[in-house]
Amino acid sequence: MVETSIAKIDPLGISTVDESQSRELVVRNYMNRFNESDMERSFKLPLSTFVGGNEKSLPLKEIIKRLEDAYCRSIGVEFMFINSLEQCNWIRQKFETPGFMHMDNKEKRLLLARITRSHGFEAFLARKFSSEKRFGLEGCEILIPAMKQVIDRSTSLGVESFVMGMPHRGRLNVLSNVCRKPLEHIFTQFAGLDTGDEGSGDVKYHLGTYQERLNRVTNKNIRLAIVANPSHLEAVNPVVQGKTRAEQFYHGDSEGNKVLSVLLHGDAAFSGQGIVYETFHLSELPEYTTHGTIHIVVNNQIGFTTDPRMSRSSPYCTDVARVVNAPIFHVNADDPEAVMHVCNVAADWRNTFHKDVVIDLVCYRRNGHNEIDEPMFTQPLMYNRIRKLKPVNELYAEKLITEGVVTAQEAKDVRDKYEKILEEAFTAAKSETRVFNKHWIDSPWSGFFEGKDPLKASPTGVHEDTLTHICRRFSSAPPNASDFQIHRGLQRILNSRMEMVKERTVDWAMGEAVAFGSLLKEGVHVRLSGQDVERGTFSHRHHVLHHQKVDKSQYNSLANLYPDQAPYTVCNSSLSEYAVLGFELGFSMTNPNALVIWEAQFGDFNNTAQCIIDQFISSGQTKWIRQTGLVMLLPHGMEGMGPEHSSARLERFLQMTSDDPDVLPAFSSDFAIRQLSDINWIVANCSTPGNLFHILRRQIALPFRKPLILMTPKSLLRHPEAKSSFDDMVETTEFQRVIPEKGAAANNGAGVKRLIFCSGKVYYDLTAARKEAGLEDSIAISRVEQIAPFPYDLVKQECDKYPDAEVVWSQEENKNMGAWSYVQPRVATALNHERHITYAGRPVSASPATGNKKTHLREVKQLLEDSLAL
């Protein structure tokens, strides 16, 4: 790393080695046996260097000069850790070849214009909105020309679409000068206007956009998307990667030649946030790679008020990138031409090797953390130095005037021209009376909503021939592959599945498979991702069969159902929740006609992805008008497995639903779908494979998209009663929001003394205990399958059947967890507060479940007794 520590990469000069000392470190320390008389001697150049260009030998004096030019100026290159000689030599050639940073006058004038616009935009906002937070780019104005150079170079290499993620610093400038977002839209965000459309909106420096425009340098049309993100730094990274991967997938871009992800980072967040590491480790996984990402670090050399020496243990903020052998180019942000060269090399690297690369723009932050923050409180010496520095637009203009590339008047004309554009847009923005959230959509679905009845869903039942065909294929070994050796235990599973087909029934795994297979038949791509999803945590799924004797010989039956079906992707992920859930969210944002599913290994593991759930999934549509049909499968159930493998924290998802417990919606023929349209997400705990089948298919059948949070079973996967008949899935059948009592109690309405509502697995425990107690005609048990939005109409209907029954909610979770807190006020509202609902279940607890088997069994016994007590 000598070359990075001695190069003049710090515009503040804080961490830069003295020039004479740097030259000693790089070259002259190795020359003790030479003296000045040797300087004119020519030496043959080794193959390990490119400083000679076309020359085979050079005088020693020239060799030293060229090495110092390569490694002692404004660029420091980290690459010697890369374990590929080809890649190391490629990088050496880019930085050692004589004249490697040459720019012609036309390129220099374009660079000056871009720097001028970047600086002018921030200066204009500072004048017009002096008391507003905007997280400006002052001190790193070079970011805008850098991004544009990456885009220009990549476009010339064939890239057509750029998916970008970034923090708040410089976002407005990027939206304007990189994406060409209309300036009027940006200025109206400062005006405090009412919104003219749906959604609660977000602060201006979190907003995304999608633009299609002409790249004037290459004369090619390009697509640019900046993904909306919260203040949670780096959280957007995996979302961008998922969206990029999806674009590549749906465009048949298997090598990433057409779609490129660009991620911007701050120095403190890049080294401090674990999601950076998690996302890097997706970069070369077969089903997650985006074939190389260009990372640009805006290295302020400070994190809010914290010095680097207090915020990281590594020498550089970029050291995390070394884990995937990504080259790191540190460059002085006050040397624009050096930055442009680094950007060209980064784009070329990604195009050549399809691997990640990092550009570290070593800069400074002219203001505090935001424009109204005082940095002198904590960094007085740094900010005394910053206040003496000229901005980069002045430095570069002076350089070009000195070189005779432009005149002082020409430089002024560039400034004045852009100032006029800004003033005209500012005047036009004053006439606006509303702001529109729809102007900031980052993932538009062209044509998806047009021509549809917004309150009409397609049927979810399918023809029995389809059920039979899919079930048979799912129960069979690979056709025409008699030598494919299947594990004996797995063969027994396939045989038992085939028996179910003959009986016209499905278990949980088969119900899920039929949902997937029927969607694939209809041309809908299905993607299932998560830890161990190919087999399933509980060894129930087995979507990928493995030859017992041949490595990498596999068979996926659902990918081979029909000759013209949509592709089926099932992929085991890295051991990450945060990054992988974010990735699948990004994937789901790209194409509404795809079923994208993330499964947690155990439901409670979702809490390490809480940021994605809270900041993106639950609130994304409200903040950013961005819909997603992402499905989360969360194994849930109190089965004696201890505190960490029991609860998927159902209560947290219900707490974040956006329906009002005190308002009874008007009942109508479209009541159910209207509820779905109005709510932020759907939370369900299905008890039958048939209902699972319908709710998964309903995700695609709806005329809009909502996230689906599904509590999924563990013991029910093999429960003999947890099966469904084909009759529950054929045409004319649909998802049952509530499954009413169908036994003896249903025919004894007036005589039923207790009506129990429950959800999920506990139903089977309750029915077994009721049968054992001989109470089947006096206790009715109804299942609330869709908990949110709450099925007010069907709950009221059930209660009306049993007018004299005590109404009880029974759950296996503790009282302060599960659905009770959500259900209780809504049942009261449904019944107009004329009947009371009581609780039966475990008492309150800080821990989701006991770790003691005996205590668990005692709690189950008590739960059932309390639920059935008359």
Side-chain angles (χ1 to χ4, degrees), residues 1-22 24-26 71-81 135 137-140 142-143 167-170 231-234 237 263-278 280 295-323 326-335 339 342 358-370 373-389:
M1 294 194 298
V2 167
E3 68 271 21
T4 58
S5 60
I6 54 81
K8 293 181 288 186
I9 59 174
D10 181 6
L12 298 179
I14 293 172
S15 58
T16 302
V17 176
D18 176 76
E19 184 172 347
S20 61
Q21 186 183 352
S22 71
E24 291 291 333
L25 282 168
V26 171
Y71 294 115
C72 299
R73 293 201 292 174
S74 300
I75 299 170
V77 189
E78 279 190 90
F79 68 98
M80 292 301 290
F81 55 83
F135 295 95
L137 204 48
E138 292 94 335
C140 194
I142 197 63
L143 175 66
H168 28 292
R169 185 170 185 217
S231 285
H232 297 60
L233 294 171
E234 309 292 342
N237 296 2
L263 287 175
L264 275 60
H265 313 269
D267 52 317
F270 198 54
S271 59
Q273 292 291 333
I275 188 59
V276 175
Y277 185 86
E278 289 188 39
F280 265 119
H295 301 265
I296 304 176
V297 180
V298 176
N299 188 347
N300 302 318
Q301 308 184 71
I302 186 173
F304 205 146
T305 67
T306 306
D307 292 337
R309 59 194 168 187
M310 301 298 179
S311 67
R312 66 172 185 264
S313 298
S314 59
Y316 300 104
C317 65
T318 53
D319 285 338
V320 63
R322 293 163 65 101
V323 300
I328 301 162
F329 306 139
H330 307 273
V331 60
N332 188 322
D334 273 0
D335 185 341
V339 174
V342 159
V358 178
I359 300 168
D360 179 20
L361 296 177
V362 185
C363 58
Y364 56 89
R365 192 185 66 194
R366 189 168 286 278
N367 301 308
H369 176 63
N370 58 59
D373 192 49
E374 177 50 79
M376 291 288 284
F377 289 155
T378 51
Q379 274 77 31
L381 300 181
M382 173 186 266
Y383 274 84
N384 273 324
R385 192 171 294 200
I386 288 171
R387 285 172 181 175
K388 295 172 185 174
L389 291 178

Asker: For residues Ile142 and Cys363, determine if any side-chain heavy atom of one lies less than 4.5 Å from a side-chain heavy atom of the other.
Answerer: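 No; the side chains remain at least 4.5 Å from each other.
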Asker: Can you name the one residue among Asp307, Asp267, Asp10 that meets side chain to side chain donor-acceptor pair (under 3.5 Å) with Gln301?
Answerer: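 For Gln301, the side chain to side chain donor-acceptor pair (under 3.5 Å) check succeeds only for Asp10.
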Asker: Write down the atom of Gly266, the atom of Val297, and the distance for their closest heavy-atom approach.
Answerer: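 The pair with the smallest heavy-atom distance is C-CG1, 4.1 Å.
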Asker: Only one of Val342, Val358, Asp360 forms a side chain to side chain contact (heavy atoms under 4.5 Å, CB included) with His330, so which one is it?
Answerer: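 Going through Val342, Val358, Asp360 one by one, the side chain to side chain contact (heavy atoms under 4.5 Å, CB included) with His330 is satisfied by Asp360 alone.
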Asker: Between Arg312 (side chain only) and Pro315 (backbone N and O only), is there a donor and an acceptor less than 3.5 Å apart?
Answerer: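 Checking the backbone N and O of Pro315 against the side chain of Arg312, a donor-acceptor pair under 3.5 Å is found.
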Asker: Can you name the residues that form a salt bridge (Lys or Arg N to Asp or Glu O under 4.0 Å) with Glu138, not counting sequence neighbours?
Answerer: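 Salt bridge (Lys or Arg N to Asp or Glu O under 4.0 Å) list for Glu138, sorted by chain: Arg134.
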Asker: Could you check if a side-chain atom of Phe304 sits within less than 4.5 angstrom of a side-chain atom of Thr378, using non-hydrogen atoms only?
Answerer: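 In short, these two side chains do not touch, never coming nearer than 4.5 Å.
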Asker: Side chain to side chain contact (heavy atoms under 4.5 Å, CB included), that's the test. Do Leu233 and Ile275 meet it? Break it down for me.
Answerer: CA-CA 9 Å; Leu233 294 171; Ile275 188 59; over 6 Å; no
Asker: So, taking the atom named CZ in Arg365 and the one named CE in Met382, what distance separates them when rounded to the nearest 0.5 Å?
Answerer: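 Here the interatomic distance stands at 8.0 Å.
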Asker: Can you measure from CZ (Arg385) to OH (Tyr364) and round to the nearest 0.5 angstrom?
Answerer: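 Nearest 0.5 Å value for the CZ-OH distance: 12.5 Å.
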Asker: In terms of ring plane angle, is the pair His369 and His168 parallel, tilted or perpendicular, where the classes change at 30° and 60°?
Answerer: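 If you compare the ring of His369 with that of His168, the planes turn out perpendicular.
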Asker: Are the side chains of Asn370 and Arg169 in contact, using a 4.5 Å heavy-atom criterion?
Answerer: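 Side chain of Arg169 against side chain of Asn370, heavy atoms only: no contact under 4.5 Å found.
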Asker: So Asn237 and Val276, side chain to side chain contact (heavy atoms under 4.5 Å, CB included) or not? Walk me through it.
Answerer: CA-CA 7 Å; Asn237 296 2; Val276 175; 4.0 Å; yes
Asker: Quick one: CD1 on Ile75 to NZ on Lys8, what's the gap to the nearest 0.5 Å?
Answerer: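 Interatomic distance, Ile75 CD1 to Lys8 NZ, rounded to 0.5 Å: 12.0 Å.
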Asker: Could you grab the distance from atom CG of Asn300 to atom CG of Leu361, nearest 0.5 Å is fine?
Answerer: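 If I round to the nearest 0.5 Å, the distance is 10.5 Å.
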Asker: Could you walk me through whether Glu78 and Thr318 pass the side chain to side chain contact (heavy atoms under 4.5 Å, CB included) test, one step at a time?
Answerer: CA-CA 10 Å; Glu78 279 190 90; Thr318 53; 4.1 Å; yes
Asker: CD1 of Ile9 to CZ of Arg73: how many Å apart, nearest 0.5 Å?
Answerer: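 Ile9 CD1 to Arg73 CZ: 15.0 Å, rounded to 0.5 Å.
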Asker: Has the side chain of Gln379 got a donor or acceptor atom that lies under 3.5 Å from a matching backbone atom of Thr305?
Answerer: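 Side chain of Gln379 to backbone of Thr305, a donor-acceptor pair under 3.5 Å: yes, one is there.
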Asker: Roughly how far apart are Ile302 CD1 and Ile386 CD1, rounded to 0.5 Å?
Answerer: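 If I round to the nearest 0.5 Å, the distance is 7.5 Å.
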Asker: Is any side-chain heavy atom of Pro375 closer than 4.5 Å to a side-chain heavy atom of Asn367?
Answerer: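 Counting from C-beta outward, Pro375 and Asn367 never come under 4.5 Å.
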Asker: Which heavy atom of Phe280 sits nearest to which heavy atom of Ala321, and what is that distance?
Answerer: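 Closest heavy-atom pair between Phe280 and Ala321: CZ-CB, 3.6 Å.
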Asker: State whether the side chain of Arg322 and the backbone N or O of Ile328 hold a donor-acceptor pair below 3.5 Å, judged by distance alone.
Answerer: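 Pair absent, no side-chain N/O of Arg322 close to backbone of Ile328.
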Asker: When you look at Leu389 and Arg366, which way does the side chain to side chain contact (heavy atoms under 4.5 Å, CB included) test go after all the steps?
Answerer: CA-CA 9 Å; Leu389 291 178; Arg366 189 168 286 278; 4.1 Å; yes
Asker: Using modelled atom types and a 3.5 Å cut-off, is there a donor and acceptor pairing between side-chain atoms of Asp319 and backbone atoms of Tyr316?
Answerer: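 Yes, Asp319 side chain to Tyr316 backbone: donor-acceptor pair under 3.5 Å.
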